[in-house]
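Written out below as structure tokens is the structure these notes cover.
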Amino acid sequence: MKSKFDIIISGGGIPALLLALHAAVRNYTIALIEPFPPEDVLPPADGRTAAIMQEGMALINELPIWKEIQKHCGTLKTLCIIDRGEAKSFNASELGFEAYGYNVPLPLFRKTLWGLADKDKNITLLQDKINSHQSGPAHTEAALSSGHKLEAALLVAADGRKSTLRENAGIKTLNRDYHQSALTCLLKHSKPHNDTSTEFHRTGGPFTLVPLPNNHSSLVWMMPHDEPEKIKQARKPDIEKTIQILSENILGAIELVSGTSLWPIVTMHTNTLIAPRMVLLAETAHVVPPTGAQGLNISLADVIALLTCLDEAKETGSDIGAKAVLLKYERRRLPDIKTRVLGTQGLNELVKTKNSLLQNIRRAGLSFTHGMEPIRRLAMKTGLRTKNTAINSQ
Ligand SMILES: Cc1cc2nc3c(=O)[nH]c(=O)nc-3n(C[C@H](O)[C@H](O)[C@H](O)COP(=O)(O)OP(=O)(O)OC[C@H]3O[C@@H](n4cnc5c(N)ncnc54)[C@H](O)[C@@H]3O)c2cc1C
């Protein structure tokens, strides 16, 4: 087996696979190490989807598999927030865009990216784990569980929120547990969603319906820790009835078409993104609650920043694992990550609050933002992090 690469990526989640595919186009050789390759899945086997906004779509639009994946994605044309019966809609068309982004089924997307990476001559996929690694002046060496040893100029830690590489590098995390869980599932409904993602602000956590094709939607329902188990154990017709009531019947009769999954709601971030010849990427560096659909989008911004650093290093002939290159990545990403983690944390507190004063402030803030056109546009652009590149949903 080949043992020398330009880049070793530990972890095979969606951001890691996108990084590998885009780095491979730039002629870097990559070893991607993942202990659990994706299984065969077809929607609606798993109810997990993610809304990917414009900035991240730049990494996906051009991939040869996008047209096929797009058939299974919902188009996000309108975002609607309903706070105690008062609905405020934000249309992408107001910014001159066809859509904010797409609601993408994650297991299908990951499996498809994996298949693409598997065919790429510059990518070696290994079902394995890194046990230890050591960085020196010229390269980093990783020892795998299988006994293999690999060498590369740069090691990317994308092995998820419980990253062993991060821990081995001694990088501490700052954590917060909200004692909330998100229940996710897929629904079929009798009324159309009109490409609208609707978020109900409820005490205990938001209840968000995100569109998928053919009168289907995904649900992300956040609630205090003790509630979801009761819901999971309820009979299917009772769950469907509860969802119909909580969604104020906007989608009509509800049919549950997937199992229900539970996700703990936490935030986590680190004070650095680098170690010798190593960078942290995606949930290895940051975890946020689903409120505001930021998680994967922050990770895709990491991928874009790292690719920019690789391009700059190539232009100047620099070593891609040199400290100066890694520092550029950290400077580009760390302030933004901290802002978005703190912003999502604050938003989550405000949405789930039981305090009636804060609830009133929240509603007044929403009305103010929605009512003032320049502020409304600014809020939409901030959420999108748009660079004025329209999405073509054809
Ligand atoms: C309910 C819910 C809804 C969400 N909705 C949205 C949304 O609408 N929009 C959005 O942007 N984001 C959303 N997110 C966030 C998004 O889904 C995640 O941020 C993203 O999928 C995480 O990707 P990742 O690659 O960092 O982590 P993971 O997907 O966890 O990938 C880490 C990989 O590392 C592997 N691994 C583990 N240990 C090792 C090891 N020792 N060595 C090598 N590999 C290892 C794992 O097997 C895994 O494949 C949501 C999250 C939740 C929970």
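Both counts, for ligands and for their atoms, begin at 1 and track the order of listing. Values below: all heavy atoms of this structure, side chains included; hydrogens, waters and symmetry mates excluded. Every value quoted in this text rests on a predicted model; they were computed, and no experiment measured them.
Considering only non-hydrogen atoms, atom 45 (C) of ligand 1 lies nearest to P35 out of A293, A51, P35, P37. Heavy-atom proximity to atom 40 (C) of ligand 1, evaluated over L165, I265, D159, L19, is greatest for D159.
Residue contacts with ligand 1 for I130 are absent, since no atom lies close enough (heavy atoms, distance under 4.0 Å). With a 4.0 Å cut-off on non-hydrogen atoms, R110 touches ligand 1 through its side chain and not its backbone. At a 4.0 Å heavy-atom cut-off, ligand 1 touches I33 through the backbone alone.
Close contacts between ligand 1 and T184 involve ligand atoms 1 (C) [criterion: under 4.0 Å to a heavy atom]. Those atoms of ligand 1 that come under 4.0 Å of a heavy atom in L106, given as number and element, are 17 (O). Using a 4.0 Å cut-off to heavy atoms of F36, the atoms of ligand 1 that qualify are 47 (O). Of all the atoms in ligand 1, the ones that sit under 4.0 Å from a non-hydrogen atom of S10 are 42 (N), 43 (C). Of all atoms in ligand 1, numbered sequentially from 1 with element shown, those under 4.0 Å from a heavy atom of A158 are 32 (C), 33 (C), 34 (O). Those atoms of ligand 1 with a heavy atom of Q294 less than 4.0 angstrom away are 11 (O). Residue-ligand proximity, A282 to ligand 1, at heavy-atom distances under 4.0 Å covers atoms 26 (O). Shown in contact with G160 at under 4.0 Å from a heavy atom are these atoms of ligand 1, numbered in order with element: 32 (C).
Annotation: the span from R26 atom CZ to L310 atom CG amounts to 7.5 Å, rounded to 0.5 Å.
Judged by distance alone, with hydrogens and angles left aside, the side-chain atoms of H133 form no donor-acceptor pair with the main-chain N or O of T140 at under 3.5 Å. The closest donor-acceptor contact from the side chain of H216 to the backbone of N214 lies under 3.5 Å. No donor-acceptor pair closer than 3.5 Å links the side chain of S163 to the backbone N or O of D159. Between the side chain of N131 and the backbone N or O of A143 there is no donor-acceptor pair closer than 3.5 Å. In terms of modelled atom types and a separation under 3.5 Å, the side chain of R277 and the main chain of I320 share no donor-acceptor contact.
Annotation: cation-pi geometry not satisfied between K77 and F97 (NZ/CZ under 6.0 angstrom from ring centroid, within 45° of ring axis).
When side chains are defined from C-beta on, S247 counts as touching F207, because their heavy atoms get closer than 4.5 Å. Looking at heavy atoms from C-beta onward, S217 lies in side-chain contact with H189 at the 4.5 angstrom threshold.
In terms of protein heavy-atom proximity, atom 19 (O) of ligand 1 is closest to E283 OE2, 2.8 Å. Ranking the protein heavy atoms by distance from atom 3 (C) of ligand 1 puts P290 CB, 3.8 Å first. Considering only non-hydrogen protein atoms, atom 6 (C) of ligand 1 sits nearest to A50 CB, 3.7 Å.
Polar contact with ligand 1: absent for T284 (N/O pair, distance under 3.5 Å). Considering backbone and side-chain atoms together, N297 places an N or O closer than 3.5 Å to an N or O of ligand 1. Some N or O of L296 is nearer than 3.5 Å to an N or O of ligand 1, by distance alone. Considering backbone and side-chain atoms alike, E34 places an N or O below 3.5 Å from some N or O of ligand 1.
Ligand 1 lies out of reach of M53, whose nearest heavy atom is not under 4.0 Å from it. At least one heavy atom of R48 lies less than 4.0 angstrom from ligand 1. Not a single heavy atom of A16 lies less than 4.0 angstrom from ligand 1. Under the 4.0 angstrom criterion for non-hydrogen atoms, T164 is in contact with ligand 1. Contact analysis leaves V287 out of contact with ligand 1, as no non-hydrogen atom separation drops below 4.0 angstrom.
Comment: K71 engages E68 in a salt bridge, judged by a side-chain N to carboxylate O separation of less than 4.0 angstrom. Using a 4.0 Å cut-off between a side-chain N of Lys or Arg and a carboxylate O of Asp or Glu, E240 and K188 do not qualify as a salt bridge.
A donor-acceptor contact closer than 3.5 angstrom links the side chains of N103 and T49.
For atom 28 (P) of ligand 1, no protein non-hydrogen atom is found at a distance below 4.0 Å.
Taking the six-membered ring for Trp and the full ring otherwise, the centers of Y102 and W66 sit less than 6.0 Å from each other.
Connectivity analysis of hydrophobic side chains (ILVMFWY, heavy atoms under 4.5 Å, direct or indirect) links V287 to V266, M268.
For residues 112-121, the set of pairs meeting the salt bridge (charged side-chain N to carboxylate O under 4.0 Å, His left out) definition, not counting sequence neighbours, is empty.
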